[in-house]
Amino acid sequence: MFPIYKKELQSFFYTPFAYAMAMLFMLLFSLSFSTGIAKLDSSNTWAFSFTEMFYSVILYFIFLLPILTMRTFAEERKNGTEVLLMTSPVSTAKIVIAKFLANITVYLFMLAGTIIFPIITAMKGEVVVSQLICAYIGIFCWGAMYIALGMLISSFTESPIIAAIIGEVIMFALLFVDDIANTAFISQYPKLRSAIYAFAAQPRFAYFSEGFIRLSDLVFFASAIIVLLIWTYISIEKRRWNRGVS
């Protein structure tokens, strides 16, 4: 499994891809930070919360994560290297996990650069550390779930571009699951509303960004990640058997 993980990381960090992604994200995060600071009063002390910023980050990642995950399996198929991967002695489960961990590593690399902003804020004003830690845990869980989703989408197509576009659409649509559950029509049916609301990730992330960690939210994200990875495993394993590879 480690050789595949290492190969994936090399494909990210031995090319400008990971650095370009990190730079683009840092640019977007910097703009949010500057906008948040601009809303403060003219006093010398910053009274700044990262809650609103991390909410904005979700929109950035909906744009960036499909680009990160689009190559996971689609590019292997497009370049014809999927056969080599399928015929390797490594099990499908280990292939999926290795690629997932590689994407998570790049994701953490992108997040690591944002630590400079709480440091700058702390030098000039005050940072609620507990809230900040919860927000980072929340954005990590949220991102890990969407990375697993992006990998699943990538396993369905041989075009990275199509995988990215479909990922963008689905991830953006998922932002409105809680809004759909709260519409007047759905609200007439409490059981249906509860069923739809159970799949809403946005309200769960809101608790993290406000400084709260609930076990139910951790279980939700962990369960979603596991289910999506299992579906990815099934998708790849099906292709493996269709190729007659044991």
Worksheet item: Is the Phe220-Phe199 ring centre distance short of 6.0 angstrom?
Response: no
Response to the item:
Exactly one candidate in Tyr19, Phe17, Phe109 meets side chain to side chain contact (heavy atoms under 4.5 Å, CB included) with Phe12; the answer is Phe17
Worksheet entry | Tyr5 atom OH, over 12 foreign heavy atoms within 6.0 Å | yes
Worksheet entry | Donor-acceptor pair between Thr72 and Ser154 side chains, under 3.5 angstrom | no
Fill in: Distance-minimising heavy-atom pair for Ser30 and Phe117
OG-CZ, 3.3 Å
Practice prompt. Please answer whether the main-chain N or O of Thr92 pairs with a side-chain N or O of Tyr233 as donor and acceptor at a distance below 3.5 Å.
Written response: no
Worksheet entry | Met1 backbone acceptor or donor facing Lys94 side chain under 3.5 Å | no
Worksheet item: For the ring pair Phe61 and Tyr107, is the centre-to-centre distance below 6.0 Å?
Response: yes
Review item, side-chain donor-acceptor pairs of residues 156-163, under 3.5 Å, at least two apart:
residue, atom, partner, partner atom, Å
Thr157, OG1, Ser159, N, 3.1
Ser159, OG, Ile162, N, 3.3

Practice prompt. Could you tell me whether the side chain of Ser235 and the main chain of Trp231 form a donor-acceptor pair under 3.5 Å?
Written response: no
Worksheet item: When you check the side-chain N and O atoms of Thr69 and Tyr146, is any donor under 3.5 Å from an acceptor?
Response: no
Worksheet entry | Aromatic centroids of Phe212 and Phe208 separated by under 6.0 Å | no
Discussion item. Would you say the rings of Phe172 and Phe176 are close, in the sense that their centroids are separated by under 6.0 Å?
Written reply: yes
Practice prompt. Please answer whether the main-chain N or O of Ser11 pairs with a side-chain N or O of Thr15 as donor and acceptor at a distance below 3.5 Å.
Written response: yes
Item to complete: Starting at NZ of Lys99, measure out to NZ of Lys7 and round the result to the nearest 0.5 Å.
Response: 5.0 Å
Discussion item. Keeping Asp217 on the side-chain end and Ile213 on the backbone end, is there a donor-acceptor pair under 3.5 Å?
Written reply: no
